[in-house]
Amino acid sequence: MISSHVLQGLPAFIRIELGEKALQRANRAAGFDVELIEDRNFFIPQRSVVGFVDETARVLGDSKLGLLLVPSRNIAAYGTFGRYVTEADTLGQAITRTIATLQYHSTYDGLSVATAADEVRLSYTFALAGSRGYASSVACAAAGILLSLFRAYLPDHWRPRRIELDIPTPCHTSPFEDVFQCPVVFNAPAVAVVVEGHRLMAAPRRTSRPIVTFEDVARDRRGGAPRSLLDIAVAQIRAQLQAGDVSIEDAARSMDTSVRTLQRELQQAGADFRSLTSAVRIERATELLMGTNVSVTSISEELGYSSPAGFSRAFRKVKGLGPREFRSMDPGHD
């Protein structure tokens, strides 16, 4: 699972460059409407991200979609996580922060730093490295994110010593060097940016910065990125619900499994998809009732209930009160 912030700008890019139909195809490959969640704090399967960009690359007819995305990647736009990382006092501290808080951004991805002689290598391993679509899109986009961290601290004229990519050597390497503006090494063990050692002491280019703490990141990502099957299923349901439609078929595809396998594993964990979906709907309904003035009818429609009466029955069964009664208990509402 990975934060939906990684999708920053992708739907708009697809709509502008390829059109609405291409965006719809990419959304189907992801399993839900990506545009509706990209700027929210959701966790989605890495498989959904790969499927989304792979379908986009196919429509584009360009195996180097990732290269087109490199200039627009920006870790500072990754919500609280990104702000905490880029507000460190030095580049070295920013790297340390990134490694320490990656658990609040993604599940099973890896980040490490190594020094040798006068070089520093920041390496990133993606949970689905090597999967279909990874070489053409994800690896380069990941390198672009790493570069954005360095560029938050280093001058415009700075260039890395080299970029390392864990993908096969392409027939033409010059487009990679043109985009990254440095030598590029292929067949590496991980995506990496290699820089001079003294760069770690660089101060941030921004001078006026709000204070963000490790605890802020932790609160924003309660418990970190999902790891258990139940947590992953709940996160997937929450993302689908925000996008307007919940389907076990789409959830299974995004989680890279079959419907039968997902049902069996949920049963072994003492749960089922329907009950989890109902629980997430009631949780979301509670948030909307307490935190907004949206009408009960609109909330019912938003959450996919067949009627306001059906929503009221489901809500009362869990909370012991109807939606309007529950809302009236909140002093923030009239």
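Note that the numbering runs from 1 along the sequence shown for the chain.
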Looking at [X] and [Y], what are the two nearest heavy atoms and their distance?
X	Y	answer
C182	I163	SG-CG1, 3.5 Å
L149	A94	CD1-CB, 3.9 Å
Q46	S106	NE2-CB, 4.4 Å
A192	L146	CA-CD1, 4.3 Å

Give the cluster check for [X] versus [Y]: same hydrophobic cluster or not, with ILVMFWY residues linked at side-chain heavy-atom distances below 4.5 Å.
X	Y	answer
V85	M201	no
I99	V6	yes
L154	I75	yes
Y104	Y108	no
I282	L288	yes

Per side chain to side chain contact (heavy atoms under 4.5 Å, CB included), V120 is matched among V113, V194, L91 by V113
ask   = Got a salt bridge between E55 and R28, using NZ or NE/NH1/NH2 to carboxylate O under 4.0 Å?
value =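 No, this pair does not count.
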Check your understanding: Any Lys/Arg nitrogen of R316 or E325 sitting under 4.0 Å from an Asp/Glu carboxylate oxygen of the other?
Key -> yes
Quick check: H5 with F81 (ring centres under 6.0 Å apart)?
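No, the ring centres sit 6.0 Å or more apart.
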Any luck finding a side-chain donor-acceptor pair between N187 and T169 under 3.5 Å?
-> yes
message: Can you classify the ring geometry of F186 versus F176 as parallel (below 30°), tilted (30 to 60°) or perpendicular (above 60°)?
response: perpendicular
What class does the angle between the rings of F315 and F326 fall in, given that below 30° is parallel, 30 to 60° is tilted and above 60° is perpendicular?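 F315 and F326: perpendicular rings.
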Is a side-chain N or O of T86 found less than 3.5 angstrom from the main chain of G82, in a donor-acceptor match?
->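 Side chain of T86 to backbone of G82: a pair is present.
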* **Row check, Y153 ring normal vs R199 NZ/CZ: under 6.0 Å, within 45°** =>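 Here R199 fails the 6.0 Å and 45° test against Y153.
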